[in-house]
Asker: 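Quick one: the structure is below, and I'll ask about it shortly.
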Amino acid sequence: DAGVTQSPTHLIKTRGQQVTLRCSPISGHKSVSWYQQVLGQGPQFIFQYYEKEERGRGNFPDRFSARQFPNYSSELNVNALLLGDSALYLCASSWGQLAGSGNTIYFGEGSWLTVV
Amino acid sequence: AQTVTQSQPEMSVQEAETVTLSCTYDTSESDYYLFWYKQPPSRQMILVIRQEAYKQQNATENRFSVNFQKAAKSFSLKISDSQLGDAAMYFCAYRGTGTASKLTFGTGTRLQVTL
């Protein structure tokens, strides 16, 4: 079975532009989360979506938004890009919303965003 | 808010030897989960081991084991018989049992494995 897949792998944007990152969860998983990992730091939680509804949001500005589609894939949008948005954006999926013994979170390989 | 602290930015171990990575956390919750993730140069986060806070027994996964001290809020990872493929960034992470599937990560420890 395919793991969590993300696209694009790498992209370069200019300050002020907008970017859309895409994620397909593992088959059967209904929960998708997004994380931002700045170089040299651990990932920071941005959003969780479950059954197409936002279920959690981290401490990120309103320039960051996301949505989940009926097939449980997800998009992360970032508007008015800043240099500080340069990071690895990780998508993670799990079958359920809540923490539980069987509800392991699996990560994709990420999308590298460079803002120049 | 929960915090996770990894005080060792870098560690080095010789092949076949044992190394321990440290992690402390802060939380007011009584039930939660703790994890160690490995991030190789490919950048994909790979789950190494998990520990449920309600379990007193330390988790083990082959060469990987943890020392979970709930009262001290300490969660260290021991890697036995280290292999070259163990070289990577290791992140300690916390997950509560609230409504959001949120992992709180530490800053990571870079593990080097030498011959």
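Naming convention: chains lettered A, B, ... in sequence-line order (proteins, then strands); numbering from 1 in each chain.
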Asker: Tell me, for Q6(B) versus chain A, whether the close heavy atoms (under 4.5 Å) come from the side chain, the backbone, both or neither.
Answerer: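 Contact with chain A involves no heavy atom of Q6(B) at all.
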Asker: Answer yes when E75(A) and R67(A) have at least one side-chain N-carboxylate O distance shorter than 4.0 Å, and no when they do not.
Answerer: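 Salt bridge: yes.
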Asker: So with a 6.0 Å cut-off around CG of N71(A), is the heavy-atom count from everything else above 12?
Answerer: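 Yes, CG of N71(A) has more than 12 neighbouring heavy atoms, counting only those of other groups under 6.0 Å.
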Asker: I need the single residue from V66(B), V4(B), N67(B), N58(B) that forms a side-chain contact (heavy atoms from CB on, under 4.5 Å) with F75(B). Which is it?
Answerer: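 Exactly one candidate clears the test, V66(B).
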Asker: Decide, yes or no, whether a salt bridge links K13(A) with D85(A) under the criterion of side-chain N to carboxylate O below 4.0 Å.
Answerer: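 Answer for the salt bridge query: no.
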Asker: Among P43(A), A92(A), G40(A), G42(A), who wins on heavy-atom pairs under 4.5 Å with chain B?
Answerer: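 So the answer, after comparing P43(A), A92(A), G40(A), G42(A), is P43(A).
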Asker: Test F45(A) against every option in F64(A), Y35(A), F60(A), Y89(A) by the ring pair (Phe, Tyr, Trp, His ring centres under 6.0 Å) rule and name the one that passes.
Answerer: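 Among the candidates, only Y35(A) passes.
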Asker: Give, as side chain, backbone, both or neither, the part of Y32(B) having an atom under 4.5 angstrom from any heavy atom of chain A.
Answerer: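 The answer is neither part of Y32(B).
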Asker: Could you tell me which of F47(A), W112(A), Y50(A) has the largest number of non-hydrogen atom pairs under 4.5 Å with chain B?
Answerer: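 The residue among F47(A), W112(A), Y50(A) with the greatest pair count is W112(A).
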Asker: Is Q37(A) close to chain B through its backbone or its side chain, or both, or neither, when contacts mean heavy atoms under 4.5 Å?
Answerer: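 Interface part for Q37(A): side chain.
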